[in-house]
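Quick caveat, the model's predicted, so the values are computed rather than measured. Both backbone and side-chain heavy atoms feed into the values below; hydrogens, waters and symmetry mates do not.
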Amino acid sequence: MAQGLSDDSRRAGVVGQPLDRHHRKGRNREMSSTVELTKENFDEIVPGEGGKDFVLIDFWAAWCGPCRQFAPVFEKAAERHQDLVFAKVDTEAQQELAAAFGIQSIPTLAIIREGVLVFSQAGALPEPVFEDLIGQARKLDMDEVKRKVAAEQNGAPQA
């Protein structure tokens, strides 16, 4: 089971991949409950491996019906979980960033903890499933996740 998330919560995507980023500065939470994530502000908002931040990213587009359906769920969760960073990526305006994450369908939700992509899945999640996913991601032992990532990168078999 990759990084401790249930099978239902990680059906698709690349999990356990460290982001290829260096030291990051702080983040800007001056906007309402979510921030617009762009390639220009990525390093400011998404922390690196040494960071302690927890970032949920919604990849969306204005023309996408399921994206519009998921938007209020994402916004409500952002209001409930003020300690987390909720970022939105307009895939039409930020094609390079979407490509860097390998986004092939939208909406796609990604979760990054301490510079490690721990979840990525396409599809609009119902509110209870999204809340459960946030809870599971909060409970991850990031030291264990990082050990598994290091072992995978070094070609060591997993226990």
Next item on the list: State the CG-CD1 distance between Leu109 and Ile111, to the nearest 0.5 angstrom.
Entry: 5.0 Å
For residues 96-106, run the donor-acceptor check on the side chains, cut-off 3.5 Å, and write out each pair with its distance to 0.1 Å, sequence neighbours left out.
residue	atom	partner	partner atom	Å
Glu96	OE1	Lys39	NZ	2.8

Item checked: Polar side chain donor-acceptor pair, Thr108 to Gln121, under 3.5 angstrom -> no
Note to self: Please find the pair of heavy atoms, one from Pro107 and one from Cys67, that lie closest to each other, and give the distance.
What the structure shows: N-SG, 3.5 Å
Item checked: Close side-chain approach of Ile134 and Leu84, heavy atoms under 4.5 Å -> yes
Next item on the list: Work out which heavy atom in Val55 is nearest to a heavy atom in Ile57; give both atom names and the distance.
Entry: CG1-CG1, 3.8 Å
Item checked: Joint hydrophobic cluster, Trp60 plus Leu133, side-chain heavy atoms closer than 4.5 Å -> no
Item checked: Polar side-chain atom of Asp53 near backbone of Val85 as donor-acceptor pair, under 3.5 Å -> no
Note to self: Quick one, Phe59 with Lys88, criterion side chain to side chain contact (heavy atoms under 4.5 Å, CB included). Give me CA distance, side-chain angles, the key distance, then yes/no.
What the structure shows: CA-CA 6 Å; Phe59 291 88; Lys88 295 180 75 70; over 6 Å; no
Item checked: Minimum-distance pair of heavy atoms, taken over all atoms of Phe42 and Leu37 -> CA-CD1, 3.8 Å
Notebook entry, point to check: With a 4.5 Å limit on heavy-atom distance, are the side chains of Val116 and Met142 in contact?
Noted result: yes
Check: How long is the span from the CG atom in Leu125 to the CD atom in Glu127, to the nearest 0.5 Å?
Finding: 11.0 Å
Note to self: Is any side-chain heavy atom of Phe54 closer than 4.5 Å to one of Glu114?
What the structure shows: no
Notebook entry, point to check: Please walk me through it: do Ile112 and Val118 pass side chain to side chain contact (heavy atoms under 4.5 Å, CB included)?
Noted result: CA-CA 6 Å; Ile112 299 169; Val118 297; over 6 Å; no
Check: Quick one: do Glu75 and Arg80 make a salt bridge, cutoff under 4.0 Å?
Finding: no
Next item on the list: Can you see which heavy atom on Ser33 is nearest to which on Phe86, and at what distance?
Entry: O-CB, 3.9 Å
Notebook entry, point to check: With a 4.0 Å cut-off, would you call Lys76 and Glu79 a salt bridge?
Noted result: no
Next item on the list: Considering non-hydrogen atoms only, spot the tightest contact between Ala77 and Glu131 and give its length.
Entry: CB-OE2, 3.7 Å
Next item on the list: Quick one: closest heavy-atom pair of Arg113 and Arg138, and the distance?
Entry: NH1-O, 3.3 Å
Check: What orientation do Phe74 and Phe130 show, parallel under 30°, tilted 30 to 60°, or perpendicular over 60°?
Finding: parallel
Check: With distance as the sole criterion, is a donor-acceptor pair present between the side chains of Thr38 and Gln94 under 3.5 Å?
Finding: no
